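None of these values were measured; they are calculated from a predicted model. Heavy atoms only: backbone and side chains are in, while hydrogens, waters and symmetry mates are out.
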Amino acid sequence: MNLNSLNPQQRQAVETINGPVLILAGAGTGKTRVITTRIAYLISRGVPPGNILGVTFTNKAAREMLERVNQLIPRPARDSDGEKPERPTLCTFHSLCVRILRQHIERLGYKRNFVIYDEAEQLSAIKKILSHLSARGEKVDPGAVLGLLSRFKNGGERSAAFADSNVRALAEHVRDRYQSALHACNAVDFDDLILLTLRLFREHPDVLEACRAKYRYVMVDEYQDTNAAQFELVHALTKQHRNLCVVGDDDQSIYGWRGAEVANLLDLEKHFPEVKVIKLEQNYRSTTTILQAANAVIRNNARRRGKQLWSQRGEGSKITLFTFQDEEEEARTVVEEIEFNRLGRRIGWGQQAVLFRTNQQSRPLETALRRAGVRYHLVGGQSFFDRREVRDFLAYLKVCLNPHDDISLLRIANVPARGLSDQTMQRLLAASQERKSSVFSAMKNPVVQAGFQARTRESIEGFVRLLETARAQLHGTGAASDPRGLQQWAESLLTGIGYFEELRRSEKDAEAAENRVRNLKELVAALDGEPAPGTPLADRLERYLEDITLDTERESEAEAPDNAVTLITMHSCKGLEFPHVFIVGMEEGLLPHARSKVEGTLDEERRLFYVAITRAMQSLVITHCSGRRRYGQLLPCHPSSFLKELPEHLVEHAEDRAAEPVSVERARELFAAMRAAIE
């Protein structure tokens, strides 16, 4: 097998096939290529494919690895006996455990046809258990209880330690009942897949020995992201033959909040003293400037395996640092930079990405991108305008403006629940179709109302009164001169229908519920914009909804995602790369997170910044604001302490950078494009 295309360190990692190996693969150093080449090399050296196990964290990654292995060493459709040849097992931890449990779970008292509960089914089980417990004077979020149970199972005691003490006590109290409830249904959850496999290994050593005999060469990708249970599983499989190869980077360990233990990588010698450590430090992604900045930042983490990324891609441009008054100016200027890159430097939308710490930061960015007609797609979360609470809110606005909008009315008629069931709304819809009227007209029709029982009729009449009152307030003239008139009207509407309380009550996770509430309040705060004096509220709302509708239609006609700006959270961007990157919101409280010092996670926050920096290939822009709005109020912000760790000679402030020369011909093109956009 030809390995000449590999650099010396990559080749050493591929050719070291016996005994424990730790491949420290820095960002952009070609680790996937090394893993797949190593598997192909094992096969070329006579290792039966069926004896090779490769474990990663996503099914997509596992499929891609298998495809690349097959390209390196094509396998015949049938072997000499006419049977399909064995292939290496490339899968996730959970799918590996399902394979093992399907064969042996009967030894643990389950039936082989066990079902795997998803999160909604787990939550239903928790709610049922909680309903049987005596009331303790306060409501407990079932989602929070379920989250803690998962952390307990995965050994995430550190992250669970900061949970509410009442929730923690209740989770410990119902732990056994929850497990018994699942067992009674012949069901397991995702955490159980690994824990039951470990129990199977402990109680039935013959099963463990069979697995060890089958999987004689084990490789684990993203090893820094393994939790305590996953580490125990890997150790059990490889303790005897010791042919374990783990690939990872402690500097990119950013999932401690969900149980990942970076110590699994840092302390590997405790379990495998003879481990051979191979560092991959040649980066094939980024310029020298970007890598030097990343190296300087991550060097401030005390406990790490040292490595120094380097590149042959040239020095590249300096990192640009912007300071803005608030997030609106930040978003507007970032979009201007994106458009200048496209028009002035011929850098397409698909080559540019905006990275941020939390999903809430996407709102002003999405608004600015929509106004500028820039195509974008949000990775690692829903689009701000596709979130449930935002769609519900916009549906209310549309119905208040036009109650005969059947689509919007049907969406929010029973949100929050007010006794208008799906069956009731179906009957009202049928009545409206029979009378060739809107659903709202049917709801007001005395003949239609008479066809329902008294309680349902009261619910219909109450909803009609709600809309008519809101519409009367919207069309009133008193608030036309108030620049916050539309905000106040919307706040009154949402409070009156109890929507904020409904979000907190219905959302399984308290933090997620508050995020939804925050999304709505920030959207309400942005409602009025800059209205002309005396503009009626209804006219302001009509213009607002019209802009959103037009933008949505334009977005539906957008080209494929590869011709769109990427919006992505820092936690979602690991493993990706972009030629031109904007990191926004580098402020204390965002990155590092406000809780990081209390929870002892400052090093992980710094690793998150390191991951964000190393996504950039050619250029990097970093921004922060001196103020950021919370619920419509501008609050002061301070630059992230991590910014001080960037070497000064690698950074230029936006106001100090030299203007790029533009030819006369190109200037004319830019002017024409901008004029067309304005028109």
Tell me the closest heavy-atom pair linking V34 and A13, and the distance in Å.
CG1-CB, 3.9 Å
How many angstroms lie between atom [atom1] of [X] and atom [atom2] of [Y], to the nearest 0.5 angstrom?
X: N301; Y: E605; atom1: CG; atom2: CD; result: 11.0 Å
X: W310; Y: N283; atom1: CH2; atom2: CG; result: 10.0 Å
X: D206; Y: E203; atom1: CG; atom2: CD; result: 12.0 Å
X: R175; Y: E172; atom1: CZ; atom2: CD; result: 6.0 Å
X: F93; Y: L233; atom1: CZ; atom2: CG; result: 6.5 Å

A quick test of your reading: do over 12 heavy atoms of other residues, nucleotides or ligands sit less than 6.0 Å from CD of E106?
yes
For the residue pair N264 and T226, confirm or rule out a side-chain donor-acceptor distance under 3.5 Å.
yes
For D189 and Y178, does a side-chain donor sit closer than 3.5 Å to a side-chain acceptor?
yes
Validation row, ring centre Y215 to ring centre H241 under 6.0 Å:
no
With heavy-atom distances below 4.5 Å as the criterion, would you say the side chains of F201 and C211 are in contact?
yes
Which residue pairs satisfy the ring-ring contact (aromatic ring centres under 6.0 Å, His included) criterion with at least one member in residues 13-37, sequence neighbours excluded?
none
Carboxylate-amine/guanidinium contact K153 D192, below 4.0 Å
yes
Residue from Q224, R304, R299, R607 passing side chain to side chain donor-acceptor pair (under 3.5 Å) with D251:
R304
